[in-house]
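Down below is the structure, laid out as structure tokens.
Chain letters run A, B, ... following the sequence lines, proteins first, then strands; residues in each count from 1. Fair warning: this is a prediction, and the values are worked out from it, not measured in the lab.
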Amino acid sequence: MKFQAPRGTYDILPEDQAYWRFVTEMTRQVCELYGYERIDVPVFEQTGLFERGVGETTDIVEKEMYTFRDRSDERMTLRPEFTAGICRAYAERKLHGRPQPLRLYTIGPAFRYERPQAGRYRQFYQVDVEVLGSQDPAIDLEVMQVAWQIYEAVGIKGLSFQVNSTGCPACRPGYIATLKAWYEQHLDGICDDCRRRYGENPLRLLDCKRESCGKIAEGAPRIAKSLCGACNDHFVQLRSYLDALGRPYEVNHRMVRGLDYYTKTVFEVWAEGIGAQNAVCGGGRYDGLIGMVGGPETPAIGFASGIERIILTMKQEGIEPPEVPKPAVFVAYLGAEAKDAAVVLAQELRSAGVGAAALWEDRSLKAQMKQADRIGAAYTLIIGEEEVKNGVVMVRRMADSTQTALPRWEVLDAVKGGGTA
RNA sequence: GUGGGCAUAGCUCAGUUGGUUAGAGCGCUAGACUGUGGCUCUGGAGGUCGCGGGUUCGAAUCCCGUUGCCCACCCCA
């Protein structure tokens with residue numbers, strides 16, 4: 001039986017690890033710079049949490065969740081996103097008793113059963129950033145800044161930031177009514193999908209990708225004009241902060257988001273050239289969610305950013321991550337006696353914090369040298385019969401092919417600081 | 001769930017109107033250099049031609065089915 005990775009999953013092979021290290025490390029640094037603390041929540045939760053939190057009628061809940069019954073017959077679901085789990089933790093662990101607002105971030109895998117395509121997988125990794133316990137638009141700005149700075153830190157340039165307001169339970173229903181009323185006269189101009197959306201999810205009419213529908217959507221009434229006082233003030237304030245910082249952004253009144261919990265601010269970050277799934281980041285405010293999953297009414301905002309899509313963008317822009325550290329020295333030997341000495345020497349080096357690799361296959365010196373070259377060792381230490389007899393080690397500096405025989409006790413000092421590890 | 005494209009060596013790909021033992025480059029490995037990497041040269045290993053069936057004297061090539069991958073829709077990170 002030959003096994004294969006499940007559809008939509010992949011292996012992060014050694015040669016790709018440099019990207020992953022770099023992105024997660026930059027994320028950690030930026031989040032800490034802003035005073036965000038790391039939290040990790042379970043990979044699976046009770047199914048009901050996502051049904052309530054993400055929304056019963058969303059695509060995610062209706063057709064994309066990995067749901068199963070465990071051995072106690074409890075319905076469990078692999079997390080399709082992070083926000084619901086973090087809100088659950090906030091309520092369950094009484095995190096509202098800590099200094100507010102609470103700034104959190106996490107990194108890990110999420111799962112959705114979808115057809116894979118460019119930048120989309122069934123197991124995918126996200127950076128997730130959340131602030132719980134504040135409704136100030138300055139917090140919206142701060143959260144967006146975290147995203148911006150992460151992309152800056154990994155060197156991505158060609159991104160565009162999209163912002164909109166989706167209103168709140170007080171004003172959104174009115175807008176939806178207005179929108180539907182307006183679309184009533186345009187039903188024959190839109191596509192079949194859009195006619196379905198008209199009934200099921202009218203906000204979705206706005207972001208249809210078809211050119212003909214797009215033209216119509218462009219002329220549709222804008223939510224900005226239907227916002228209640230509080231939502232309008234919030235959006236105006238956020239935009240003035242963005243302007244003050246000189247951040248390039250676009251108010252995109254046709255951007256709506258597919259999760260039910262969003263209120264007021266929503267935003268996305270788009271990248272070009274990574275395929276149809278161009279949203280590298282999506283997020284927004286969810287002032288009602290924590291209350292819905294059993295916590296105190298608490299305003300909050302956050303975003304999730306897809307690591308695969310970040311890396312895709314980096315590759316698209318030709319950004320190379322720093323190399324993963326390699327052993328500083330390679331230990332080569334010839335003969336059984338020399339092997340004994342080499343095994344001990346390699347371990348001494350490692351104990352002293354100097355990375356040491358070897359082949360241990362009793363291969364020719366040439367093969368060992370070749371290996372040393374390939375792994376990028378700064379020094380190769382050669383031990384043969386001669387060296388064993390004289391208590392010395394041949395220390396060869398690979399960069400300029402110079403070598404000298406040194407007494408064993410001088411080897412460590414000679415080699416220290418020679419490599420990246 | 002729907003639509004399109006592609007499956008030949010570890011990788012990237014050739015393979016004529018169906019015709020002997022399916023090739024190249026890279027990579028791996030060994031030697032040239034009996035104890036020295038990168039360059040060069042020479043040799044070697046490595047293939048159920050995705051899988052199953054059919055047509056045919058003969059199939060990598062034609063037909064049917066199937067699986068997988070890629071891309072797009074829906075939707076989302």
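By the neighbour-count criterion of 12 heavy atoms within 6.0 Å, atom CD of A:E62 is densely surrounded, having more than that number from other residues, nucleotides or ligands.
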(Q) Output the pairing pattern of RNA chain B as a dot-bracket string, 5' first, Watson-Crick or G-U wobble with both distances under 3.5 Å, | for cross-strand pairs, [ ] for crossing pairs. (A) (((((((..((((.....[...)))).(((((.......))))).....(((((..]....))))))))))))....
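Side-chain atoms of A:Q277 lie closest to B:C74 of the nucleotides B:C74, B:A77, B:A30. Residue A:E386 places its side chain closer to B:G35 than to any other of B:G35, B:G68, B:C75.
When each of A:T402 and A:Y113 is assigned the nucleotide of RNA chain B bearing its nearest heavy atom, the one mapping closer to the 5' terminus is A:Y113. Toward the 5′ end of RNA chain B lies the nearest nucleotide of A:R397, the other residue of the pair A:R397 and A:Q4 mapping further downstream.
Side-chain atoms of A:E62 and base atoms of B:G1 include no donor and acceptor less than 3.5 Å apart. A donor and an acceptor atom never sit less than 3.5 Å apart when one is taken from the side chain of A:Q368 and the other from the base of B:U36.
A:Y34 pairs by the ring-ring contact (aromatic ring centres under 6.0 Å, His included) definition with nothing, not counting sequence neighbours. Evaluation of the ring-ring contact (aromatic ring centres under 6.0 Å, His included) rule for A:Y90 yields A:H96 as partners, not counting sequence neighbours. With sequence neighbours excluded, the residues that form a ring-ring contact (aromatic ring centres under 6.0 Å, His included) with A:Y261 are A:Y286.
Atom name C1', nucleotides B:C64 and B:G25: the rounded distance is 36 Å, in whole Å.
Distances shown here put every side-chain N or O of A:R396 at or beyond 4.0 Å from the OP1 or OP2 atom of B:G35. Residue A:R197 has a polar side-chain atom (N or O) positioned under 4.0 Å from OP1 or OP2 of B:C74.
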(Q) One character per nucleotide, please: for nucleotides 40-47 of chain B, 5' to 3', B when the base has a protein heavy atom closer than 4.0 Å, S when only the sugar-phosphate does, - otherwise. (A) --------
Q: Evaluate the side-chain contact (heavy atoms from CB on, under 4.5 Å) criterion for residues A:R257 and A:T166: first the C-alpha distance (whole Å), next the side-chain angles of each, then the deciding distance (0.1 Å), finally the verdict.
A: CA-CA 9 Å; A:R257 308 222 0 103; A:T166 52; 5.6 Å; no
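Checked against a 6.0 Å centroid threshold, the rings of A:F161 and A:W270 do not count as neighbours.
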Extract from the structure each pairing of a protein N or O with an N or O of nucleotides 2-6 of chain B at less than 3.5 Å, listing the distance.
{"residue": "B:U2", "atom": "O4", "partner": "A:R115", "partner atom": "NH1", "Å": "3.0"}
{"residue": "B:U2", "atom": "O4", "partner": "A:R115", "partner atom": "NH2", "Å": "3.2"}
{"residue": "B:G3", "atom": "O6", "partner": "A:R115", "partner atom": "NH2", "Å": "3.3"}

